[in-house]
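Can you keep this structure in mind? I'll have questions shortly.
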Amino acid sequence: MSRASLLHRTLRSGFICTSTRGALLALVRRSASLMASRGATYAGQNRYLIYYAQEHMEFRFPELRSLCKLLKIPINEDQLQAEQSESPFLLLDLPGDEEARLLVQRSVLMKSCYECLVHAREMTHLREHIQRLPADLIATYSTSGSSFRLRIHAYGRKLSSQDVRNRIELLKVFPLDSRVDLQNPTHSFHLLEDYGLEDLAEPALKPAQLFFGRWLADSNKDAAHKLRLDERYFIGTTSMDPLLALVMANQALVSPGSLVYDPFVGTGSLIIAAAYFGGYTFGADIDKILLHGRGRSTRAKKTWRKSDESVLANFRQYGLEKQYVDVLVADATSRFLRDDVQFDAIIADPPYGVREPIARVGKEKFNPSCDDTQAVSSGMPAGADFQLGRCVLNDLIITLVSFAAKHLRTGGRLVYWLPVLQDEYNDSAVPRHACFDVISNSEQCLSGSTSRRLITMEKVKDWDPNYQVTFAKEIYTETFRERYFTSTKDKDRPKHLRFKNKISRKVRPTEPKELQPVTGLPARQ
């Protein structure tokens, strides 16, 4: 722990009188300001630099906290609270190189991780700190037979080849005595320059901050590309973006051996992400026609689905068939599982009533909130006793949380999407239950006045039938669909809050490739 951290902890302890505390706090602030202006050397302090991809920024810290819990890596919350900005760079104290590699290799929102040696505001200060790096540290990188290379990165500005050469010349002050290997070096040292936001009309001429460190590992971000929808065999109108599905699996703490359930499985996007991380997956959906791969195709220039389209076909495409348990045609609001069935995680994207209707099975006049006169074509048994009717969203949310409270093991997580109207949203809109703690609540904008929030809840108490779900039910009514389509235009929102519906890069379909599930995590006991 650094001296500044120790001093901060002492100041918060309450064992120092008010006047002394004020004087010490002022001294700390002046020292921090001076250090920030001239830079700092972190060699040997286990300070690591996380380089994030600049997308889904709201989900960064929830994913980071979840992975640290999954991998049992201690984390300094003070560093997260101090970095609430749009910068893709995050300095973090971690136990060691191995823990840093495990963390970044499991993440899908990070790009890479470095052992941070120097952090400065100007190149002159950076070079001064590099020259003063400890001799014993330099010796570890200069052992017999070792090699190295220097690489330059810039965020917010495009560097020319001449700019890169100039920076490499400036970094020759790095006192390393080993041979250069540009292809397979023993150590790869990187200079990262931060020029601010990439979408600024006039990029800054000087970087706001510079980092110099040793590369450790790249992230698992390529998993989203491997699972992309444009090459998936079986998709639907509401198939989840692979990157967000993997984020949900991370926040659900899915590990090899976990039993994961999706009550609105659809085409299986969420359980495929869970299977990629080694979980055994099980799902249900009320739409029999969709689960059996029948009906009209959602692909362009195709009328009907192929006879072999199914959720299982997707698992076979990615070589994850061993992680597939089964999918059932079932109503999520009905009791169809034994009371003693327990899951390690439940991940769900309930229907919002926008692209797909919110439906349930029941007798005629079963519930005043269900309009049984508006039948939904789904292939379920028709007749006076069984039909599908539209159901309001709040009933579906109550059922989902209540089901999770009963069928999740203690310590398991429920991760689901909650659609909201921004002008009516407040904390009371998030469902509460005595069995759960709300771990995170992240927003993704859908349109000018509507959003969906990714809610992560962890079960901390055994189920009791007396516990009830509480939240502002009046927000989730049958009018959500109407309000969604009458919302204000997206262009009226601030640019950084607009919903970016990125379409996967169009590529020619290729033969299905087998993917290897992520390894390196301990199996659940």
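Please read all numbers here as calculations on a predicted model, not as lab measurements.
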Q | Sub-4.5 Å side-chain heavy-atom contact between Phe436 and Lys461 | A | no

Q | 4.5 Å side-chain heavy-atom contact, Phe61 and Leu90 | A | yes

Q: Indicate whether any N or O donor in one side chain lies under 3.5 Å from an N or O acceptor in the other, for Asp462 and Thr410.
A: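 Yes, because at least one side-chain N or O of Asp462 sits under 3.5 Å from a partner of the opposite role on Thr410.
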
Q. Strictly by modelled atom types, are Gln54 and Tyr52 linked by a side-chain donor-acceptor pair under 3.5 Å?
A.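 Short answer, no.
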
Q: Kindly indicate, with the supporting measurements, whether the criterion side-chain hydrogen bond (donor to acceptor under 3.5 Å, both in side chains) is fulfilled by Gln251 and Thr456.
A: CA-CA 7 Å; Gln251 293 189 201; Thr456 302; 2.6 Å; yes

Q: Measure up the Phe211 and His119 rings against each other and bin them: parallel (under 30°), tilted (30 to 60°), perpendicular (over 60°).
A: parallel

Q | Short side-chain donor-acceptor distance under 3.5 Å, Thr267 and Ser239 | A | yes

Q | CA sep, side-chain torsions, deciding dist, call: Leu414, Leu408, side chain to side chain contact (heavy atoms under 4.5 Å, CB included) | A | CA-CA 8 Å; Leu414 167 65; Leu408 268 179; 4.0 Å; yes

Q | Gly257 backbone acceptor or donor facing Gln323 side chain under 3.5 Å | A | no

Q: Report yes or no: does Asp222 contribute a side-chain atom to a donor-acceptor pair with the main-chain N or O of His225 at less than 3.5 Å?
A: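 Side chain of Asp222 to backbone of His225: no pair is present.
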
Q.
Does this structure show an ion pair linking Arg60 with Glu55, if we count only N-O contacts that are shorter than 4.0 Å?
A.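 Judged by the 4.0 Å cut-off on N to carboxylate O distance, Arg60 and Glu55 do not form a salt bridge.
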
Q: Keeping the roles fixed (side chain from Asp437, backbone from Ile439), state whether a donor-acceptor pair exists under 3.5 Å.
A: no

Q) Where the side chain of Ser402 meets the backbone of Thr399, is there a donor-acceptor pair that is under 3.5 Å apart? A) no

(Q) Looking only at the side chains, is there a donor atom on one of Arg453 and Tyr425 sitting less than 3.5 Å from an acceptor on the other? (A)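 There is such a pair (donor and acceptor under 3.5 Å, judged by atom type) between the side chains of Arg453 and Tyr425.
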
Q) CZ of Phe264: more than 12 outside heavy atoms within 6.0 angstrom? A)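 Buried by this count: over 12 neighbours within 6.0 Å.
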
Q.
Name the residue from Leu243, Leu244, Thr238 that meets the side-chain contact (heavy atoms from CB on, under 4.5 Å) definition with Met240.
A.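 The side-chain contact (heavy atoms from CB on, under 4.5 Å) with Met240 is passed solely by Leu244 among Leu243, Leu244, Thr238.
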
Q) Is a salt bridge present between Glu77 and Arg65, judged by a nitrogen-to-oxygen distance below 4.0 Å? A)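 A salt bridge links Glu77 with Arg65.
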
Q | Heavy-atom closest contact (Asp93 atom, Gln79 atom, distance) | A | N-OE1, 2.9 Å

Q | Minimum side-chain heavy-atom gap Trp417-Gln444 below 4.5 Å | A | yes

Q: Check the pair Leu109 / Phe59 against side chain to side chain contact (heavy atoms under 4.5 Å, CB included), numbers first and verdict last.
A: CA-CA 8 Å; Leu109 295 180; Phe59 306 95; 3.8 Å; yes

**Q.** Distance, nearest 0.5 Å, that separates OG of Ser87 from OH of Tyr155
**A.**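 These two atoms lie 7.5 Å from each other.
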
Q) Under a 4.0 Å N-O cut-off, is there an ion pair linking Asp308 with Lys306? A) no

Q.
Quick one: does any side-chain atom of His433 pair with a main-chain N or O of Cys435 as donor and acceptor, under 3.5 Å?
A. yes

Q) Is Arg413 close to Ser66 at the side-chain level, that is, under 4.5 Å between some pair of heavy atoms? A)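 With C-beta onward as the side chain, the pair touches.
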
**Q.** Residue pair Tyr48 / Glu99, side-chain donor-acceptor N/O under 3.5 Å
**A.** no

**Q.** Contact check, side chains of Tyr324 and Val311, non-hydrogen atoms, under 4.5 Å
**A.**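 In contact.
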
Q.
Does this structure show an ion pair linking Arg409 with Asp344, if we count only N-O contacts that are shorter than 4.0 Å?
A.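 Salt bridge present between Arg409 and Asp344.
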
(Q) Nearest 0.5 angstrom please: Leu421 CG to Thr450 OG1, how far? (A)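 Leu421 atom CG to Thr450 atom OG1 measures 7.0 Å (nearest 0.5 Å).
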
Q: Determine, for Lys69 against Glu458, whether the closest basic-nitrogen to carboxylate-oxygen distance falls under 4.0 angstrom.
A: yes

Q.
I need the Cys68 SG to Leu80 CG distance, nearest 0.5 Å.
A.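 Cys68 atom SG to Leu80 atom CG measures 8.0 Å (nearest 0.5 Å).
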
Q: Give the minimum heavy-atom separation between Val265 and Leu291, together with the two atoms involved.
A: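 It is CG1-CD2, 3.8 Å.
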
Q: If the plane angle is over 60° it's perpendicular, under 30° parallel, otherwise tilted; pick one for Phe403 and Tyr261.
A: tilted

Q) Less than 4.5 Å apart, any side-chain heavy atom of Ile346 and any of Val415? A) no

(Q) Testing the basics here: between Trp463 and Ala405, what is the closest heavy-atom pair and its distance to 0.1 Å? (A)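 Result for this residue pair: CB-O, 3.3 Å.
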
Q | Between Gln105 and Asn220: side-chain donor-acceptor atoms closer than 3.5 Å | A |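 Note: Gln105 and Asn220 side chains miss the donor-acceptor criterion.
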
(Q) Side chains of Ser451 and Glu443: any donor to acceptor distance under 3.5 Å? (A)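 Yes - a donor-acceptor pair under 3.5 Å links their side chains.
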
Q. In Å and rounded to the nearest 0.5 Å, what is the CG to CG distance from Leu64 to Leu92?
A.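 Answer for the CG-CG pair, Leu64 versus Leu92, is 6.0 Å.
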
Q. What closest approach, in Å, do Pro263 and Ile347 show between heavy atoms, and which atom pair accounts for it?
A.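 For Pro263 and Ile347, the tightest heavy-atom pair comes out as CD-O, 3.8 Å.
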
Q.
Would you say that Leu400 contacts Tyr416 through its side chain, given a criterion of any heavy-atom pair below 4.5 Å between the two side chains?
A. yes

(Q) Let me confirm one number: the CG-CG distance from Leu71 to Leu102, rounded to the nearest 0.5 Å. (A)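 The CG atom of Leu102 is 6.0 Å from CG of Leu71, to the nearest 0.5 Å.
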
Q) With no hydrogens and no angle check, is any side-chain donor or acceptor of Asp285 less than 3.5 Å from a backbone partner on Val329? A) no

Q) Can Val108 and Asn250 be said to form a side chain to side chain contact (heavy atoms under 4.5 Å, CB included), step by step? A) CA-CA 9 Å; Val108 294; Asn250 276 340; 4.0 Å; yes

Q: Would you name the heavy atoms of Ile50 and Cys113 that are closest together and state the gap between them?
A: CD1-SG, 3.7 Å

(Q) Which label fits His153 and Tyr114: parallel for a plane angle under 30°, tilted from 30 to 60°, or perpendicular past 60°? (A)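 Because their plane-to-plane angle lies in the 30° to 60° range, the rings of His153 and Tyr114 count as tilted.
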
Q. Run the side chain to side chain contact (heavy atoms under 4.5 Å, CB included) check on Tyr51 and Leu192 step by step: do they pass?
A. CA-CA 9 Å; Tyr51 187 14; Leu192 299 100; 3.9 Å; yes

Q: Search all heavy atoms of Tyr233 against all heavy atoms of Asn314 and return the closest pair with its distance.
A: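 That closest heavy-atom pairing would be N-OD1, 3.6 Å.
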
Q) Rounded to the nearest 0.5 Å, how far apart are CG of Leu246 and NZ of Lys221? A) 10.0 Å

(Q) Does Arg106 qualify as a cation-pi partner of Phe277, given the criterion of NZ or CZ under 6.0 Å from the six-membered ring centre and within 45 degrees of its axis? (A)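 The answer is yes; both the distance and angle limits are met.
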
Q: Indicate yes or no: at least one non-hydrogen side-chain atom of Lys226 is less than 4.5 angstrom from one of Tyr318.
A: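 Contact flag for Lys226/Tyr318 side chains = no.
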
